[in-house]
Amino acid sequence: MENNDTICGMLKNKKYYSAGGVKLFREDKKIRYPKQAIAEIYIHADRYVKSDMGLWEHAFFKKEVSGNVNVYTFKRKKRLGGFDSDINFGRLIPAIKFYCDDYPGLEDTLQYINKKNVDEFVVKYNAWKANNPGSKSYFENNIHSKPLVNFKLSFLLPGAGIEFGLSEKVSLSTMLKNEFGYGSSVGWIVNPFLDTQLRYYHNINKRKAENKRTYKYSGNYVCLVNAYFFDTGASLTGMEYGWQRVINKHWYFNLGLGAAKWTTGDQGFTVLYDIDFGYNF
């Protein structure tokens, strides 16, 4: 049965999973469904839902516990989520602090929680939540919050900066970063540069409607880019399409791809790529 992007069926065996989709039998006909078209898969009593997060986007997670907070498994590891569309892939304790921080005496409880008994804790939390509907966790209070200023530390290209919120969908990101390279004649080279981006997050409303977090500008964006390199005085200006997600309270991933033109010297156009991982204060 197919309804509202939900596919229900029997998977014959493991070979019917692939990087691009899932093959199901329907009325004795084998049909291949691309992962982008599938939101859920039911196999007998088991339910599998699709992740929206990071490197595991479009992977399917088995839902173990349902409620105000959900527990999922993926490759034998436990994951938590506030919604099926909001599955974290960090460590359990930070995730519990994010989704369940309103639970009484949580700090004392955390020292006893591990991947073997986290299901039991989440069931207790969900039961407590049902009796205390007015209590709000950090996740519930901040799923769509966007602080005026986000201070960031970048780890892949070491540096720091801010993302300044101009409106619900527009931000100005300014990061001081360092590129590293090695030349046979000069040895190691450190190339500091200032990366400034005016971002428009075009899918904020869509993510809200789908119960996906927009916390600290978790969304897809188009942006104007300017990078100034201090050692050479060179700069380039262009456009980029990007993807940013914030995991739990602080960790962020950013991917971007675009094109730019050097505004100094006789160099022409170049491809822009932005891969970043860091800490959001």
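Judged by distance alone, the side chains of Y138 and Y215 do bring a donor and an acceptor atom under 3.5 Å apart. Looking at N254 and Y252, their side chains never bring a donor and an acceptor atom within 3.5 Å of each other. No side-chain donor from either of N132 and S135 sits under 3.5 Å from a side-chain acceptor of the other. Side-chain atoms of D86 and Y99 form a donor-acceptor pair, as typed in the model, at a separation below 3.5 Å. Side-chain contact check for E210 and S85: no donor-acceptor pair (N or O, by modelled atom type) lies under 3.5 Å. In summary, the side chains of R199 and N220 do not present any donor paired with an acceptor at a separation below 3.5 Å, with no hydrogens or angles considered. Side-chain atoms of T237 and N226 include a donor-acceptor pair closer than 3.5 Å. A donor-acceptor contact under 3.5 angstrom links the side chains of D84 and Y72, judged on distance only.
Annotation: the span from L198 atom CG to L166 atom CG amounts to 6.5 Å, rounded to 0.5 Å. How far SG of C223 is from OH of Y200: 13.5 Å, rounded to the nearest 0.5 Å. The NZ atom of K77 sits 10.5 Å away from the CG atom of L92 when rounded to the nearest 0.5 Å. Note that CG of L80 is 11.0 Å distant from OH of Y125, once rounded to the nearest 0.5 Å. How far CG of N203 is from NZ of K208: 11.5 Å, rounded to the nearest 0.5 Å. Note that the OG1 atom of T214 and the NZ atom of K169 stand 11.0 Å from one another [nearest 0.5 Å].
Side chain of N178 to backbone of P158: a donor-acceptor contact under 3.5 angstrom is found. Put simply, the side chain of N280 never gets that close to the backbone of K152: no donor and acceptor are under 3.5 Å apart. Checking side-chain atoms of S137 against main-chain N and O of E140 turns up a donor-acceptor pair under 3.5 Å. Panel note: side chain N70, backbone G67; a donor-acceptor pair is recorded below 3.5 Å. Panel note: side chain R245, backbone G219; a donor-acceptor pair is recorded below 3.5 Å. Not one N or O on the side chain of E120 forms a donor-acceptor pair closer than 3.5 Å with the backbone of N117.
Contact of the W243 side chain with the F253 side chain is registered, since non-hydrogen atoms from C-beta on lie closer than 4.5 Å. Side-chain contact check for K63 versus Y48: every heavy-atom pair is 4.5 Å or farther apart. A 4.5 Å side-chain heavy-atom check between W251 and P94 finds every atom pair outside the cut-off. Under the 4.5 Å side-chain criterion, counting only non-hydrogen atoms from C-beta, L224 is in contact with M239. Between Y201 and R207 there is no side-chain heavy-atom pair separated by less than 4.5 Å. Within the 4.5 Å cutoff, no side-chain heavy atoms of T174 are placed close to those of E163. With a 4.5 Å cut-off on side-chain heavy atoms, F230 and L176 count as touching. Counting heavy atoms from C-beta on, the side chains of C100 and F121 come closer than 4.5 Å.
Minimum interatomic distance between S235 and Y228 (heavy atoms only, all atoms of both residues): CB-CD1, 4.0 Å. Taking all atoms of both residues into account, the shortest heavy-atom contact from P133 to N131 is CD-C, 3.4 Å. Of all heavy-atom pairs between G81 and N88, the closest is N-ND2, 4.4 Å. Across all non-hydrogen atoms, the minimal contact from S66 to N126 is O-ND2, 3.7 Å. Nearest heavy atoms, N248 versus R91: ND2-O, 4.4 Å. Residues A260 and L236 come closest through the heavy atom pair CB-CD1, 3.6 Å.
Ion pair K177/D276 flagged as a salt bridge, since at least one NZ, NE, NH1 or NH2 atom sits closer than 4.0 Å to an Asp/Glu carboxylate oxygen. Taking 4.0 Å as the cut-off between side-chain N and carboxylate O, K129 and D102 count as a salt-bridged pair. A salt bridge is defined here as a Lys NZ or Arg NE, NH1 or NH2 lying under 4.0 Å from an Asp or Glu carboxylate O, and E64 with K78 fails to meet this definition.
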Discussion item. If you apply the rule side chain to side chain contact (heavy atoms under 4.5 Å, CB included), what do you find for E240 with D274, and how did you get there?
Written reply: CA-CA 9 Å; E240 183 177 287; D274 187 2; 3.7 Å; yes
Item to complete: Begin with the C-alpha distance, continue with both residues' side-chain angles, and end with the deciding distance and a verdict on side chain to side chain contact (heavy atoms under 4.5 Å, CB included) for V123 and V65.
Response: CA-CA 7 Å; V123 169; V65 177; 3.9 Å; yes
Worksheet item: Which is it for N142 and F98 under the side chain to side chain contact (heavy atoms under 4.5 Å, CB included) test, yes or no, and what are the steps along the way?
Response: CA-CA 10 Å; N142 292 279; F98 185 68; 5.8 Å; no
Practice prompt. Go through the steps to decide whether H144 and Y217 satisfy the test ring pair (Phe, Tyr, Trp, His ring centres under 6.0 Å), and finish with yes or no.
Written response: CA-CA 8 Å; H144 298 306; Y217 292 104; over 10 Å; no
Discussion item. I'd like to know whether I96 forms a side chain to side chain contact (heavy atoms under 4.5 Å, CB included) with L106, so could you lay out the CA-CA distance, the side-chain angles of the two residues, the decisive distance to 0.1 Å, and finally the verdict.
Written reply: CA-CA 9 Å; I96 291 171; L106 180 64; 3.9 Å; yes
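Relative orientation of the F61 and F74 rings is parallel, given thresholds of 30° and 60° on the angle between their planes. Between F281 and Y279, the ring-plane angle classifies as perpendicular under the 30° and 60° cut-offs.
Aromatic rings of H250 and F151 (six-membered ring for Trp) have centroids beyond the 6.0 Å cut-off, not under it. If you look at F229 and W262, their ring centroids are closer than 6.0 Å.
Both L110 and V69 are members of a single hydrophobic cluster when ILVMFWY side chains are connected at heavy-atom separations under 4.5 Å. Residues Y221 and I162 do not share a hydrophobic cluster, defined by chaining ILVMFWY side chains whose heavy atoms lie under 4.5 Å apart. No path of Ile, Leu, Val, Met, Phe, Trp and Tyr side chains, each step under 4.5 Å between heavy atoms, connects I204 with V222, placing them in separate hydrophobic clusters. In the hydrophobic clustering of ILVMFWY residues, with side-chain heavy atoms under 4.5 Å counting as a link, Y103 and I93 come out together. When the side chains of ILVMFWY residues are joined at heavy-atom separations under 4.5 Å, either directly or via intervening members, F269 and L272 end up in two distinct hydrophobic clusters.
Around atom CZ of F155, more than 12 heavy atoms belonging to other residues, nucleotides or ligands sit under 6.0 Å away.
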